[in-house]
There are 2 protein chains.
Amino acid sequence: MKRPAFFQTPESRKGDIITAALRIIDQRGVKGLTVSQLAQEVGFVESALYRHFKSKRDLISFILDNILQDAWNYLAEVEEKTEDSLEALRQLIYLFLNFLEQFPGIFKIIYSDEIYLGDRELQDKIDRVISEIISFLKKVIQKAITQKKLKSGLDITVAAMHFLGLIYTAFSYWTLKKRRVPLKRISSELLDQYLEGVRA
Amino acid sequence: MKRPAFFQTPESRKGDIITAALRIIDQRGVKGLTVSQLAQEVGFVESALYRHFKSKRDLISFILDNILQDAWNYLAEVEEKTEDSLEALRQLIYLFLNFLEQFPGIFKIIYSDEIYLGDRELQDKIDRVISEIISFLKKVIQKAITQKKLKSGLDITVAAMHFLGLIYTAFSYWTLKKRRVPLKRISSELLDQYLEGVRA
DNA sequence: CTATAATGTGAGTGAATATTCACTTACATA
DNA sequence: TATGTAAGTGAATATTCACTCACATTATAG
């Protein structure tokens, strides 16, 4: 898997800070990401953060922007490479879960009520990430129906939401099991159950 | 649907406060539940809260305790009344969603990282609610397998998680659609897809 | 009617938090 | 050598937040 865009220049200070921020969010939640904690994790003093980001909000916003960018690249890649649309769905779930396994903090940002309800602009960004993903999923599912791999009567929107829900479910289960079970195993079983339900 | 236990004495001040708290959490998230906001919503001054609850943490804890109690009652009721285990699953999803439609704040508490990661004891309570529900689901699914209504080779734990995930998925979709679509319609379609995948 | 308990008020405290600011240091480049 | 720049420092500031306390009001039971 390619590194997310903001990790492609790992020597940059911004990259360091974001890595630290995501680690903190992963471990202590969005609420745990305080400027003080962040400074401690990065290894500088609180005020130094503002050399790199205008505000804490700006930091989150920056991360979200890059996710959107990356998400798009990843998805395009899968679409391009995979002929079989059923296989594409399998690829997609692995792609998402690999990503989340590496950067669980991103997942927490997206699903965080604290961010979502706290800031209209960030809320819009998150909405855009989600709807980008959903409309992509719908496209894949539509294609699978056309190829007669999935049921013809399927409600495409619900099927897409259901699929996205699997990712959340796998992540929850993974968390519940203290991350001791490999995500791939969980998701594989889930996906089988899902596909059985929607297959033609 | 019966009222949750803590609403059965709606004349009590505690009931008023909890109603207000849940409304705030629903609208502004767990982060939005500040003592100041709560006081404003209830219609008294901040310090008055402490006549009724030892602390804000105590308020949350009280709510969780009552959910646990109620969850148990509801689940027992479904188990008792419903013979057909497949029908029980359908009843369960409606039960959960009705509950969430009425008290979305409760859902947000349970899924809130802020609470979950912030307080060990509350975390334990939430864990208990979740595992209570999951073990109940596993029991129902096991029974359905015995009755040969569900696949014999099914991974019961994954099937239970998947089912619980449907509730989250329905709730997310409902939120995404600004609550303009009835939850029941969404969940019905989801459940069909789910059942197709696990049915014998 | 009065004593008591329940409930509410207003003022205030301390801790946490994000942010600003003036100043420094290391290094690169003209 | 002079100057610009990226990064960091330490102190200060404003705000928010949960919580306390002494005092006031209201309701109710004897």
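Just so it is clear, the structure is predicted and the values come from calculations on it, not from any experiment. Every chain is numbered from 1, with letters handed out A, B, ... down the list of sequences.
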Taking for Lys31(A) and for Lys54(A) the nucleotide of DNA chain C with the nearest heavy atom, the one nearer the 5' end belongs to Lys31(A)

Using the ring of each side chain (for Trp, its six-membered ring), is Phe171(B) parallel, tilted or perpendicular to Phe107(B), with breaks at 30° and 60°? tilted

Check the distance between [N]'s [atom2] and [X]'s [atom1] and give it to me in whole angstrom.
X	N	atom1	atom2	answer
Asp58(B)	dT20(D)	CG	P	11 Å
Ile60(B)	dA18(D)	CD1	P	10 Å
Leu38(B)	dC19(D)	CG	C1'	14 Å
Gln40(A)	dA18(C)	CD	C1'	17 Å
Leu33(B)	dC17(D)	CG	P	11 Å
Lys14(B)	dA6(C)	NZ	C1'	13 Å

Quick note, Tyr50(B) side chain, CB onward, closest among dT19(C), dT17(C), dC19(D) is dC19(D)

Would you call [X]-[Y] a salt bridge at under 4.0 Å N-O?
X	Y	answer
Arg57(B)	Glu121(B)	yes
Arg28(A)	Asp113(B)	no
Lys139(B)	Glu79(B)	yes

Under a 4.0 Å heavy-atom cutoff, the residues of residues 110-126 of chain B touching DNA chain D are none

Original post:
Does the side chain of Ser85(B) come under 3.5 Å of the side chain of Gln147(B) through a donor N or O and an acceptor N or O?
Top reply: yes

Donor-acceptor pair between Glu87(B) and Gln91(B) side chains, under 3.5 angstrom:
yes

Looking only at heavy atoms, the pair that brings Arg199(B) and Lys151(B) closest together is O-CG, 3.3 Å

Worksheet item: Under 3.5 Å, side chain of Ser112(A) to main-chain N/O of Glu114(A), donor-acceptor pair present?
Response: yes

In this structure, CD1 of Ile60(A) is separated from CG of Asp65(A) (nearest 0.5 Å) by 12.0 Å

N/O contacts under 3.5 Å, protein versus nucleotides 4-11 of chain D?
residue	atom	partner	partner atom	Å
dG8(D)	OP1	Arg13(A)	NE	2.9
dG8(D)	OP1	Arg13(A)	NH2	2.7
dG8(D)	OP2	His52(A)	NE2	2.8
dG8(D)	N7	Arg51(A)	NE	3.0
dG8(D)	O6	Arg51(A)	NE	3.2
dG8(D)	O6	Arg51(A)	NH2	2.4
dT9(D)	OP2	Val45(A)	N	2.8
dG10(D)	O6	Ser47(A)	OG	2.6

